[in-house]
Amino acid sequence: MALALIFLVPVFIPSPVFWRITRPFVHKDLIDRYAVKAGFSPLFVLALVRVESGFSASARSHRGAVGLMQIMPDTATEMAGRLGLDASEISLDDPEVNIRIGIKYLEVLRLEFGPDPVALLAAYNGGPTNVRAWRRGDRLTLADIPFPETRRFVERVLSTERWLGRLRRMKRFFRD
């Protein structure tokens, strides 16, 4: 219910007031900082966080993924090394650490899969090894993804990103 309010209330109240209230909850400042630095649309990352964890920094999956961006501990260790962080000192429950590591992982995946959002999201959710096997040519389509969970994940992130974009255009929602 609380998440529904975050996405419905902005239509009725001025966006600067809304963001002063909700920025800490959705971690917009952190997402903006690290997404832009890495060359990703903040809306893309915001949509991914919304689908992965519902903005819950304490989220845990049945497979062991942790935090806002649902990072697997092994992936976190590898990305921490790439970021020059001591993996033994990081906490995936810390929103800044989780977002920074998650976006670094997206950067690594983009090096292999390019700007194709379907392949990038499928690799983030279903693993890069699977995407290598599923891809035909340069692009991956939803129909190429045989895992229903991964296909739904990709659809939900892309749909959420489109919805956020429409909301932004309609209300200038994401302006400070």
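All residue numbers refer to positions in the sequence shown, counting from 1.
Leu106 places a side-chain heavy atom less than 4.5 Å from the side chain of Met69. When side chains are defined from C-beta on, Val157 does not count as touching Glu52, because their heavy atoms never get closer than 4.5 Å. Trp134 has its side chain within reach of Phe147: a pair of non-hydrogen atoms, C-beta onward, lies under 4.5 Å apart. Contact of the Ser56 side chain with the Leu68 side chain is not registered, since no non-hydrogen atoms from C-beta on lie closer than 4.5 Å.
Between Arg50 atom CZ and Phe55 atom CZ the span is 6.5 Å, to the nearest 0.5 Å. Rounded to the nearest 0.5 angstrom, Arg166 CZ and Glu161 CD are separated by 11.0 Å. Here Asp32 contributes atom CG and Ile99 contributes atom CD1; the two are 10.0 Å apart, rounded to the nearest 0.5 Å. Atom CG of Leu85 is separated from atom CD1 of Ile90 by 7.0 Å, given to the nearest 0.5 angstrom. Atoms CD1 and CD, on Ile103 and Glu107 in that order, are 8.5 Å from each other to the nearest 0.5 Å. Rounding to the nearest 0.5 Å gives a distance of 14.5 Å between CG of Leu167 and CZ of Arg162.
Here Val66 pairs with Arg60, Leu92, Asp93 under the side chain to side chain contact (heavy atoms under 4.5 Å, CB included) rule; sequence neighbours left out. In terms of the salt bridge (Lys or Arg N to Asp or Glu O under 4.0 Å) criterion, Glu89 has no residue partners (sequence neighbours excluded). For Asp74, there are no side chain to side chain contact (heavy atoms under 4.5 Å, CB included) partners at least two apart in sequence or on another chain. Every residue two or more places apart in sequence or in another chain that forms a side chain to side chain contact (heavy atoms under 4.5 Å, CB included) with Arg136 is listed here: Asp144. Checked against side chain to side chain contact (heavy atoms under 4.5 Å, CB included), Arg82 has the following partners two or more places apart in sequence or in another chain: Glu78, Met79, Lys104, Val108. Taking Asn125 as the reference, Thr150 meet the side-chain hydrogen bond (donor to acceptor under 3.5 Å, both in side chains) condition, with sequence neighbours excluded.
A salt bridge links Glu149 with Arg63: at least one charged nitrogen is closer than 4.0 Å to a carboxylate oxygen.
Here the closest heavy-atom approach between residue Ser53 and residue Gly67 is recorded as CB-O, 3.5 Å. Of all the heavy atoms in Ala57 and Pro95, the pair that sits closest is CB-CG, 4.0 Å. Closest non-hydrogen pair, Ala122 versus Val154, comes out as N-CG2, 3.6 Å.
For the salt bridge (charged side-chain N to carboxylate O under 4.0 Å, His left out) condition, no pair includes a residue of residues 151-160, sequence neighbours left out. For the ring-ring contact (aromatic ring centres under 6.0 Å, His included) condition, the pairs that include at least one residue of residues 77-105, sequence neighbours left out, are Tyr105-Tyr124.
Under the 4.5 Å side-chain heavy-atom criterion for ILVMFWY residues, no single connected hydrophobic cluster contains both Val51 and Met72.
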What donor-acceptor contacts under 3.5 angstrom involve side-chain atoms of residues 111-120, with partners at least two apart or in another chain?
from, atom 1, to, atom 2, distance (Å)
Glu112, OE1, Arg132, NH2, 3.0
Glu112, OE2, Arg132, NE, 2.4
Asp116, OD1, Val118, N, 3.1
Asp116, OD2, Leu140, N, 2.8

Without placing hydrogens or testing angles, list every side-chain donor-acceptor pair under 3.5 Å for residues 34-49, not counting sequence neighbours.
from, atom 1, to, atom 2, distance (Å)
Tyr34, OH, Glu96, OE2, 2.5
Ser41, OG, Leu43, N, 3.1
Ser41, OG, Phe44, N, 3.4

### Pair Ile101-Val97, side chain to side chain contact (heavy atoms under 4.5 Å, CB included): steps then yes or no
CA-CA 6 Å; Ile101 286 176; Val97 169; 3.8 Å; yes
